[in-house]
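Contents: one structure, followed by commentary.
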Amino acid sequence: MLVATPVATDTRVLREATTLVAAGHTVHVVGRAVPEDFVPPAGVTVSSVGVSSALRRDGAAPLSARRQPAPVRLARWLLLPEHRRSAFGRWAAAATVDAQRRGFDAVHAHDFTALAAGSALAEARDVPLVYDAHELWTGRPREHRPTPWADRRERRLEQTLGDRADAVLTVGDGVADALRRRYGWNHVTVVRNTFPAAATPPTPPDAPTALVYPGRLAAYRELETVAAVTLDPGIPLPVTLVGQPTRPGWPGSTRGTPRSVRRSAPTSSPTCSPARGWRW
């Protein structure tokens, strides 16, 4: 598996890996800046390559980790596309070198950032390629300057390499339908993100008591709307957002964010399982 994330909190990757191990396969994951103290699940091995780019050295904190003055925010908005291309490009090159030293009989490329490297590795070893689209890459919201020419190149590349994949997986029917319409793919299968099923399903309360969102805390995910719901006196539901915000203080800077919204540090999926109550 190839994935440009730290792996440790990537529950989709970990659940797919452990499912394959349970079916009798051996799984190795090449990740990006994986924490040194991360212990992978039984039967899964993990290696890591860095996150350097032309604009940031390996190990340096991202600018988004702290509040920046307006000129720095403008510079980040202008330069972020170049930084991302450089960082993901360097990761893909290093991940390819790592994978070439290993034996494998299939390549599972997670997201567009791993697709080109995964396709090249699969072709070189003449093994199957699985493309796992965690989102509609070319339709995702941007927090940087418009890049129409780069977007067009990425769409062409995704179609070309996805056409060659033996299977395409994605997270839901909406993304699957969009991929089919956009590229004419008929080899898309939906594998949903979900919690492990409880051995004994819990009995839900008569009415919801809390909302939990375990995921990436970023713009354009309607989390401000979820938080605003708690302002309605008829819906007194506290909201817990589990994850690391991409903007300092978020969502506290959102106008009207109620006190009943709190953030929790990233954690493993069992902590947020349905067995702990009626969740969303």
Side-chain angles (χ1 to χ4, degrees), residues 1-7 10-34 40-51 84-138 150-171 175-193:
M1 287 186 170
L2 305 173
V3 60
T5 72
V7 182
D10 197 325
T11 55
R12 180 176 180 84
V13 171
L14 292 175
R15 292 203 62 200
E16 289 181 345
T18 54
T19 299
L20 289 170
V21 168
H25 300 281
T26 299
V27 178
H28 181 80
V29 184
V30 182
R32 179 172 181 251
V34 179
V44 179
T45 56
V46 176
S47 59
S48 177
V49 294
V51 296
R84 291 174 61 86
R85 280 194 293 273
S86 175
F88 286 127
R90 292 187 183 203
W91 170 83
T96 298
V97 172
D98 181 301
Q100 287 172 334
R101 297 194 295 259
R102 306 178 186 277
F104 52 86
D105 53 16
V107 177
H108 191 137
H110 287 271
D111 252 332
F112 178 79
T113 48
L115 179 57
S119 180
L121 287 165
E123 184 175 2
R125 297 285 182 92
D126 192 24
V127 299
L129 170 66
V130 176
Y131 175 38
D132 198 324
H134 293 199
E135 59 187 335
L136 184 63
W137 180 260
T138 56
D151 295 347
R152 183 176 298 180
R153 288 195 300 270
E154 288 182 351
R155 283 194 294 270
R156 287 200 300 263
L157 182 60
E158 184 173 45
Q159 176 157 23
T160 299
L161 300 183
D163 284 346
R164 301 174 188 170
D166 295 270
V168 176
L169 308 181
T170 194
V171 297
V175 178
D177 290 343
L179 291 172
R180 294 179 185 118
R181 288 193 307 269
R182 180 167 295 185
Y183 300 137
W185 290 348
N186 58 9
H187 58 321
V188 182
T189 300
V190 173
V191 178
R192 300 183 187 279
N193 293 330

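As the structure is a prediction and not an experimental result, all values here were calculated from the model.
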Worksheet entry | Listed partners of Asp163 passing salt bridge (charged side-chain N to carboxylate O under 4.0 Å, His left out), at least two apart |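 Result, salt bridge (charged side-chain N to carboxylate O under 4.0 Å, His left out) vs Asp163: none returned.
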
Discussion item. If the condition is salt bridge (charged side-chain N to carboxylate O under 4.0 Å, His left out), which residues does Arg156 pass it with, not counting sequence neighbours?
Written reply: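 Checked Arg156 against salt bridge (charged side-chain N to carboxylate O under 4.0 Å, His left out); zero matches.
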
Pairwise distance [atom1]([X]) to [atom2]([Y]) - rounded to 0.5 angstrom:
X      : Y      : atom1 : atom2 : value
Thr170 : Glu135 : OG1   : CD    : 9.0 Å
Arg164 : Gln159 : CZ    : CD    : 11.5 Å
Thr160 : Tyr183 : OG1   : OH    : 9.5 Å
Trp91  : Thr113 : CH2   : OG1   : 5.5 Å

Give a yes or no answer on whether the side chain of [X] reaches the backbone of [Y] with a donor-acceptor pair at less than 3.5 Å.
X      : Y      : value
Arg180 : Val188 : yes
Thr189 : Leu169 : no
Arg32  : Phe88  : no
Thr19  : Arg15  : yes

Practice prompt. Using the test side chain to side chain donor-acceptor pair (under 3.5 Å), find all partners of His28 that sit at least two apart in sequence or belong to another chain.
Written response: Thr45, Ser47, Arg102

Worksheet item: Among all residues two or more places apart in sequence or in another chain, which pass the side chain to side chain donor-acceptor pair (under 3.5 Å) test with Arg125?
Response: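 Testing Arg125 for side chain to side chain donor-acceptor pair (under 3.5 Å), a comparison that skips the adjacent residues, returns none.
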
Worksheet item: Are side-chain heavy atoms of His134 and Val13 found at a separation under 4.5 Å?
Response: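 Yes; the side chains approach each other to less than 4.5 Å.
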
Item to complete: Evaluate the side-chain proximity of Val7 to Pro40: yes if any heavy-atom separation is below 4.5 Å, no if none is.
Response: no

Item to complete: Describe, in one word, how the ring planes of His110 and His108 are oriented to each other, choosing from parallel (under 30°), tilted (30 to 60°) and perpendicular (over 60°).
Response: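 Aromatic pair His110/His108 classed parallel.
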
Fill in: Non-neighbouring partners of Leu136 that pass side chain to side chain contact (heavy atoms under 4.5 Å, CB included), sequence neighbours left out
Val175, Ala178, Leu179, Arg182

Fill in: Counterpart residues, side chain to side chain contact (heavy atoms under 4.5 Å, CB included), relative to Val21 (two or more places apart)
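Per chain and number, Val21 pairs via side chain to side chain contact (heavy atoms under 4.5 Å, CB included) with Val27, Val44.
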
Over all atoms of both residues, closest heavy-atom pair of [X] and [Y]:
X      : Y      : result
Asp105 : Val127 : O-CB, 3.5 Å
Ala99  : Phe104 : O-CE2, 3.4 Å
Ala116 : Leu161 : CA-CD1, 3.5 Å
Pro128 : Ala122 : O-CB, 4.2 Å
Gly118 : Ala109 : CA-CB, 4.3 Å
Ala117 : Thr96  : CB-OG1, 3.4 Å

Item to complete: Given side-chain contact (heavy atoms from CB on, under 4.5 Å), test Leu121 with Gln100 step by step and report yes or no.
Response: CA-CA 7 Å; Leu121 287 165; Gln100 287 172 334; 3.7 Å; yes

Practice prompt. Take Val3 and Asp111 through the side-chain contact (heavy atoms from CB on, under 4.5 Å) test and state the conclusion after the steps.
Written response: CA-CA 7 Å; Val3 60; Asp111 252 332; over 6 Å; no

Item to complete: Scan side-chain atoms only and decide if Glu154 and Trp137 contain a donor-acceptor pair under the 3.5 Å cut-off.
Response: yes

Practice prompt. Go through the steps for Asp166 and Val130 under the test side-chain contact (heavy atoms from CB on, under 4.5 Å), then give the verdict.
Written response: CA-CA 6 Å; Asp166 295 270; Val130 176; 5.8 Å; no

Worksheet entry | Step-by-step side-chain contact (heavy atoms from CB on, under 4.5 Å) determination, Leu157 to Phe112 | CA-CA 9 Å; Leu157 182 60; Phe112 178 79; 3.9 Å; yes

